[in-house]
Amino acid sequence: MQECHFILLGATGDLALRKIFPALYRASLSGLKPTITACARSPLSTQEFIRHLSIKAKEYVKDLDPTAWESFTTYVSYTPLDLTKTKDFQALKATHPNTIIYFSIAPEFFAKACQNLAAVGLNAPGVKIVLEKPLGTNLASCQEICRQISQHFKEEQIYRIDHYLGKQSVQNLFYLRANNPFLAGLLGASYLDHVQISVLETLGVESRGGFYDPMGALRDMLQNHMLQMLALATMPANTPIEDMRQVKLEMLKSLKPLNEESLKTQVVRGQYSASQNFKGYKQEEQVSPNSQTETFVALKLELDHPNWQGVPFYLRTGKRMGASLVQVVFVFKGPTQTLVYTLQPQCSLKLQLQGMGALKSALDAGMDAYERLILEVVAGNQALFNHQNELEAAWSFIDPILESWQKGLTPLLSYPAGGFGPEAAFALLSKDNRAWITHV
């Protein structure tokens with residue numbers, strides 16, 4: 001039986017109700033015994049909060065066992081808390097040597113929350129903090145947020161969460177090569193023509209327009225999730241788990257910077273327009289009617305790394321696509337030879353070799369990502385969390401793209417909702433005599 005004190009800031013928010021509490025419930029079924037202090041500004045009693053939480057659980061928790069849920073809620077108490085008021089933090093106590101504070105709050109409150117936690121002694125060595133993205137909107141803002149947090153917490157206390165890294169399907173990008181010498185030998189510069197990574201969503205921005213419009217696809221998806229997937233897919237297969245963060249950092253630092261010419265020719269950005277009974281992006285709730293925010297990005301990049309020298313990587317992500325899909329495709333030299341690793345909607349591996357039919361295998365996607373990551377924090381394992389240096393390496397690659405867009409070097413192209421992006425995204429590959437591979 002694992003025990004911990006779990007303090008959740010922002011407990012009435014969508015993320016907490018939709019993801020974090022269901023993950024804590026499932027973890028409790030697996031043996032975790034958390035004492036949970038839920039905190040938010042709403043002036044609720046514990047009973048009122050649990051009633052609200054239980055209503056949401058019926059919507060967000062699959063296979064909810066009413067008896068088990070009632071037992072779980074006995075772990076939960078509620079404390080009204082204003083993040084800007086130090087006196088409110090006096091009500092919080094480190095009641096367990098393994099205390100976890102989860103920041104399910106906007107990043108602009110991170111620094112103040114850390115300052116107030118430290119003021120009441122909740123930055124002692126046994127305390128760990130979990131930070132949700134986004135951490136900054138560019139390299140400078142990321143560094144400033146990290147600087148402010150580091151005034152109160154040491155690096156070994158900080159867990160920067162990327163829920164993609166908690167998905168077993170994403171971790172399998174690394175484990176497939178680590179545990180299969182045959183694949184490890186094939187996936188490199190000697191045999192590969194190129195690699196494709198696609199993260200496509202049929203959904204639009206829904207009710208997240210207020211968050212999404214200042215961010216866009218490049219910041220929201222490519223800077224973190226997709227570059228982390230790329231690092232896992234390319235890191236040496238013999239990397240020990242304890243060295244994973246350092247080796248991922250090396251892979252991210254090996255990204256070749258895009259110069260002014262390549263920023264014009266190797267980057268495509270788009271925004272979905274009304275089509276097939278779907279609203280256009282500019283008609284979405286909380287989105288500016290003059291918005292220049294991209295909902296689609298495609299780019300070509302390379303790694304300055306001996307294992308991947310000369311192998312181009314094509315990345316694309318978009319909203320209101322014709323399919324929901326997360327996929328990594330390794331394309332071998334020679335015609336119609338591919339290894340397709342599908343992470344969503346179903347985890348599977350498909351090998352297509354010349355002269356053979358496709359060999360396909362379903363893979364176990366494992367436990368929920370948030371449940372896995374919460375258990376890793378409880379255990380004190382940081383391998384599946386981002387180091388500050390990883391974030392900075394990713395932003396160092398992304399910043400020149402953002403700056404080039406501000407200069408107007410990459411036009412914002414329209415694409416129909418329900419399609420697969422602007423025509424320029426297809427030309428990005430066709431001019432290299434290649435094509436996007438989409439196995440749905």
Side-chain angles (χ1 to χ4, degrees), residues 15-16 18-27 29-30 32 60-63 102 104 130-134 159-180 183 195-203 217 220-235 237 239 241 244-245 247-248 251-252 315-317 319 321 323-330 339-350 361-379 381-387 390-391 394 439-440:
L15 176 67
R18 185 166 44 89
K19 294 292 186 180
I20 301 172
F21 275 109
L24 286 167
Y25 164 70
R26 286 188 293 269
L29 299 179
S30 303
L32 180 67
Y60 295 131
V61 179
K62 294 181 181 178
D63 304 319
Y102 199 114
S104 183
V130 184
L131 306 179
E132 274 282 350
K133 77 174 186 75
Y159 293 71
R160 299 173 188 85
I161 198 167
D162 181 338
H163 74 271
Y164 258 56
L165 294 181
K167 295 175 182 286
Q168 185 62 54
S169 55
V170 174
Q171 293 173 37
N172 283 345
L173 279 170
F174 170 69
Y175 292 127
L176 278 171
R177 294 181 302 120
N179 298 316
N180 292 275
L183 289 181
V195 180
Q196 302 179 14
I197 302 178
S198 298
V199 178
L200 310 180
E201 300 175 86
T202 55
L203 293 175
D220 183 49
M221 186 62 70
L222 201 143
Q223 179 270 333
N224 42 73
H225 301 327
M226 295 188 72
L227 290 186
Q228 285 289 320
M229 288 169 61
L230 184 147
L232 284 172
T234 56
M235 60 195 295
T239 301
I241 186 71
M244 185 175 284
R245 294 212 299 180
V247 178
K248 279 197 291 144
M251 302 313 299
L252 292 171
L315 280 61
R316 61 172 171 168
T317 183
K319 289 189 174 294
M321 298 276 100
S324 280
L325 187 68
V326 180
Q327 203 163 72
V328 180
V329 182
F330 299 92
L339 178 68
V340 180
Y341 180 52
T342 303
L343 294 80
Q344 293 177 5
Q346 291 182 319
C347 193
S348 67
L349 189 69
K350 183 176 182 180
S361 174
L363 300 173
D364 181 8
M367 70 171 67
D368 170 79
Y370 275 94
E371 178 186 354
R372 179 184 300 278
L373 291 172
I374 286 171
L375 291 174
E376 291 293 310
V377 178
V378 173
N381 298 328
Q382 289 189 308
L384 299 182
F385 297 84
N386 291 326
H387 192 282
E390 291 181 69
L391 299 181
H439 285 278
V440 182

Min side-chain heavy-atom separation [X]-[Y] under 4.5 Å:
{"X": "Val61", "Y": "Phe21", "result": "no"}
{"X": "Phe385", "Y": "Val377", "result": "yes"}
{"X": "Tyr164", "Y": "Met226", "result": "no"}
{"X": "Cys347", "Y": "Gln168", "result": "no"}
{"X": "Leu375", "Y": "Met367", "result": "yes"}
{"X": "Val326", "Y": "His225", "result": "no"}
{"X": "Ile374", "Y": "Val130", "result": "no"}
{"X": "Leu165", "Y": "Leu232", "result": "yes"}

If I compare all heavy atoms of [X] with all of [Y], which pair ends up nearest, and what's the gap?
{"X": "Ala383", "Y": "Arg245", "result": "O-CG, 3.5 Å"}
{"X": "Val170", "Y": "Met229", "result": "CG1-CG, 4.2 Å"}
{"X": "Glu371", "Y": "Ala23", "result": "N-CB, 3.5 Å"}
{"X": "Leu230", "Y": "Thr234", "result": "O-OG1, 2.8 Å"}
{"X": "Leu200", "Y": "Ala323", "result": "CB-O, 3.4 Å"}
{"X": "Ala16", "Y": "Ser104", "result": "N-OG, 3.9 Å"}

Inter-residue atom distance [X].[atom1] - [Y].[atom2], 0.5 Å rounding:
{"X": "Asp368", "Y": "Lys62", "atom1": "CG", "atom2": "NZ", "value": "9.0 Å"}
{"X": "Leu343", "Y": "Leu349", "atom1": "CG", "atom2": "CG", "value": "10.5 Å"}
{"X": "Ile20", "Y": "Leu15", "atom1": "CD1", "atom2": "CG", "value": "4.0 Å"}
{"X": "Gln228", "Y": "Lys248", "atom1": "CD", "atom2": "NZ", "value": "3.5 Å"}
{"X": "Met321", "Y": "Lys319", "atom1": "CE", "atom2": "NZ", "value": "10.0 Å"}
{"X": "Met251", "Y": "Glu390", "atom1": "CE", "atom2": "CD", "value": "12.0 Å"}

Would a distance-only check, ignoring hydrogens and angles, find a side-chain to backbone donor-acceptor pair under 3.5 Å from [X] to [Y]?
{"X": "Arg18", "Y": "Tyr60", "result": "no"}
{"X": "Thr239", "Y": "Met244", "result": "no"}
{"X": "Ser348", "Y": "Thr342", "result": "no"}

Worked verdict on Leu227 versus Leu315 for side-chain contact (heavy atoms from CB on, under 4.5 Å)
CA-CA 9 Å; Leu227 290 186; Leu315 280 61; 4.3 Å; yes
Listed partners of Tyr370 passing ring-ring contact (aromatic ring centres under 6.0 Å, His included), at least two apart
His163
Quick one: do Tyr341 and Asn172 satisfy side-chain contact (heavy atoms from CB on, under 4.5 Å)? Show the steps, please.
CA-CA 9 Å; Tyr341 180 52; Asn172 283 345; 3.0 Å; yes
